[in-house]
Amino acid sequence: MNRALPETLQWQQQQQSYFSELSGVFPSQTSYLCFDGGFMSSDSVVTREVKPDNGLETAWPEQGKLEMGSFGFEFEPCGPSYNMNYAISRTSSCPLAAAELVSGKMGSGSAVGSGNESFKKRKADKLQNSKAVVEDDSMKKIKAYEEEGESKITGPSNSNKSKHKKENSTDTSKENSKVSEVQKPDYIHVRARRGQATDSHSLAERVRREKISERMKYLQDLVPGCNKITGKAGMLDEIINYVQSLQRQVEFLSMKLAAVNPRLDFNIDNLFTKVEEFPTVQEVANPIHYQHFNPAQEVVSETALRRTISAPVTIPDASFLDSSCFAQIQPSAAWDDVELQNLYNVGRFH
Amino acid sequence: MNKYNPPRMNPSSLRSRFATRFLRSLSKINAKKPTASSSSPTEIFRRYRRIKVAADKSMAYSVRSRRTWSRAMLWKLRTRPCCRRSVKTSTIVRKTRHEKQNKNTTTTTGEDGVVFGVEADELRELVPGGEAMDLYNLLDETAHYIKCLTTQVQVMKKIADFYSP
């Protein structure tokens with residue numbers, strides 16, 4: 001902050017020497033426009049038109065505070081050389097530097113024009129450079145550009161841009177805003193697009209909408225078969241159907257487990273290994289085919305029978321009584337003694 | 001005999017946590033049943049209810065209180081009418097709570113509110129604890145809830161398949 005003061009002094013001295021030079025170098029405003037078109041992407045900044053003459057007088061004392069989307073970012077590589085450009089008329093170091101030089105000169109020209117009054121105001125307002133007052137005034141943009149440059153010199157100030165948007169409706173005369181905003185990490189970066197409203201309400205609304213659409217995309221990945229549906233309402237319907245089907249599946253499986261249970265004893269470890277080693281199971285989006293099995297005794301015994309029959313595939317039928325064969329039965333899961341007993345009993349009657 | 005060591009999954013993953021809890025509760029449910037009437041439809045239905053509750057509870061406990069839906073589900077499970085006496089009180093409590101939440105339900109402004117009005121309410125009914133959330137949090141909770149539900153379905157399917165091929 002204190003550095004800003006000698007900078008301005010130096011700046012002003014240079015302005016007087018270079019202003020005339022500038023007017024020779026850049027005779028018309030259109031040259032600035034050329035640079036302008038060079039950097040800015042189509043959706044970067046709110047204002048485009050350059051009316052330096054009008055803006056210079058009015059904008060300078062307020063220390064223009066507009067958002068510079070791409071400007072600010074592109075400005076970064078040339079940041080350190082900013083002062084040097086002022087010291088020496090290096091207009092060709094990079095086009096960005098040239099533009100900033102132009103803007104700097106223009107800004108400084110206005111300062112020269114307005115004299116001491118603006119200088120005093122500048123001293124006081126120098127530190128407000130990160131405050132954003134969103135107006136469709138191009139020179140404010142240029143001023144903000146300069147301020148951005150200086151604030152970048154002092155520290156990382158990418159957050160300033162977003163804070164401009166958030167605070168444009170609030171008071172703009174906080175002196176330590178530059179430093180304090182740098183230290184506040186919890187702001188969300190929002191960039192106003194061309195042709196969109198930039199007041200705080202619509203911005204917050206836009207942030208919210210973007211978050212919601214991001215969530216919807218994530219849900220689209222979760223729910224299978226949602227890629228074809230593009231509308232939000234359709235997506236939500238799909239999600240609702242999927243959640244309902246999953247809940248119904250849980251109910252059905254618990255019913256199935258209730259029916260299957262009575263004959264069997266659960267050996268946790270074996271089940272655990274079985275459960276753990278399964279690969280990614282494909283999910284059934286639609287409700288699975290509900291087997292309408294009556295919870296009757298026949299079914300239960302049938303399942304138990306089926307199980308016992310299918311399990312010992314490798315063993316001949318007559319060898320159920322042989323205990324050694326029981327050892328061979330076990331595939332990867334070691335069955336409990338109770339289960340083996342069941343096997344034995346069923347096998348005997350089979 | 002060859003020892004077959006399957007590749008171990010992450011022991012602290014949601015799946016393993018749920019599987020452990022659910023299997024434990026399943027064995028408890030099986031242990032306490034009388035074998036006499038084990039196959040009657042009513043008994044099976046009763047067991048089904050218990051298993052369903054056990055599944056939900058295991059899932060909610062696996063998630064702990066990290067998520068709104070799990071907290072809501074745990075609350076619901078704790079205050080469900082285990083004994084008939086407490087039915088009335090719990091329903092009254094639930095009604096007032098629901099009324100309160102109806103007032104507090106936020107509707108999103110802008111075109112989102114118009115689009116999501118009806119479906120969001122349906123979603124709120126489906127996801128436990130979704131009545132009092134705005135749309136963004138609701139979607140967030142729905143995503144996590146879907147993930148947990150799929151895990152639950154997978155584990156239960158595996159168990160069911162293991163016992164009835």
Side-chain angles (χ1 to χ4, degrees), chain A residues 205 208-209 211-212 215-216 218-219 222-223 231-233 236-237 239-240 242-244 246-247 249-251 253-268 270-278 280-281 283-284 294-297 300-301 303 306-307 310-311 327 330 332-333, chain B residues 1 4 6-9 15-16 19-20 23-24 26-27 29-30 33 35 38-41 44-52 54-56 108-110 112 115-116 119-120 122-123 126-127 135-136 139-140 142-143 145-147 149-150 152-160 162-165:
Chain A
E205 190 60 36
R208 214 182 121 74
R209 258 179 269 144
K211 284 202 296 185
I212 285 177
R215 280 277 145 226
M216 295 289 288
Y218 178 64
L219 276 170
L222 269 186
V223 178
K232 275 185 200 167
L236 265 187
D237 281 337
I239 291 170
I240 287 170
Y242 187 59
V243 171
Q244 274 173 346
L246 281 177
Q247 285 174 341
Q249 266 181 317
V250 169
E251 285 179 18
L253 282 169
S254 57
M255 171 73 84
K256 195 170 174 188
L257 280 174
V260 164
N261 274 348
R263 305 281 304 209
L264 311 168
D265 206 2
F266 282 97
N267 195 335
I268 291 184
N270 308 326
L271 273 178
F272 203 66
T273 55
K274 265 285 183 202
V275 161
E276 294 242 311
E277 69 181 50
F278 58 85
T280 56
V281 179
E283 295 156 9
V284 183
N294 7 330
Q297 281 187 356
V300 172
S301 54
T303 55
R306 259 190 285 132
R307 193 176 142 260
S310 58
Q330 307 171 10
S332 54
Chain B
M1 247 182 23
Y4 171 54
R8 288 279 160 178
M9 281 177 53
R15 191 179 276 173
S16 48
T20 344
L23 287 170
R24 221 179 287 153
L26 260 186
S27 51
I29 290 174
N30 287 336
K33 63 166 164 49
T35 50
S38 58
S39 322
S40 63
I44 288 182
F45 184 72
R46 237 176 271 160
R47 206 181 308 128
Y48 150 70
R49 301 290 312 187
R50 264 184 247 142
I51 289 180
K52 182 162 178 295
D56 289 339
T108 62
T109 57
D112 287 0
V115 172
F116 290 148
E119 293 90 351
E122 284 184 33
L123 201 53
L126 282 178
V127 176
L135 188 61
Y136 177 69
L139 291 178
D140 205 16
T142 309
Y145 186 56
I146 285 178
K147 198 178 81 165
L149 273 181
T150 50
Q152 202 175 4
V153 163
Q154 283 172 13
V155 171
M156 289 175 76
K157 210 183 272 186
K158 267 284 169 173
I159 295 175
F162 184 72
Y163 281 100
S164 66

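Just so it is clear: chains get the letters A, B, ... in the order the sequence lines come, proteins before strands, and each one is counted from 1.
Listed here is the closest heavy atom pair of A:Ser254 and B:Ile51: CB-CG2, 3.6 Å. When all heavy atoms are compared, the tightest approach of B:Ala160 to A:Lys256 is CB-CD, 4.2 Å. Of all heavy-atom pairs between A:Gln247 and B:Tyr145, the closest is NE2-OH, 2.8 Å.
Rounding to the nearest 0.5 Å places CD of A:Gln249 at 9.5 Å from CG of B:Leu149. Of the inter-residue distances, the one linking A:Gln244 atom CD with B:Leu123 atom CG reads 9.5 Å to the nearest 0.5 angstrom. We find the CG-CD1 distance between B:Asp140 and A:Ile212 to be 11.5 Å, quoted to the nearest 0.5 Å. Expressed to the nearest 0.5 Å, how far NZ of B:Lys147 lies from CG of A:Leu222 amounts to 8.5 Å. Between the OG1 atom in B:Thr142 and the CD1 atom in A:Ile240 there is a gap of 9.0 Å [rounded to 0.5 Å]. Between the CG atom of B:Leu135 and the CE atom of A:Met216 there is a distance of 8.0 Å, given to the nearest 0.5 Å.
Side-chain contact between A:Tyr242 and B:Thr150: present, with at least one pair of heavy atoms (C-beta onward) separated by less than 4.5 Å. Using a 4.5 Å heavy-atom cutoff, the side chains of A:Ile239 and B:Ile146 are in contact. With contacts defined as side-chain heavy-atom distances shorter than 4.5 Å, the pair B:Val155/A:Leu253 does not qualify.
Between the side chain of B:Arg47 and the main chain of A:Ala258, a donor-acceptor pair closer than 3.5 Å is present.
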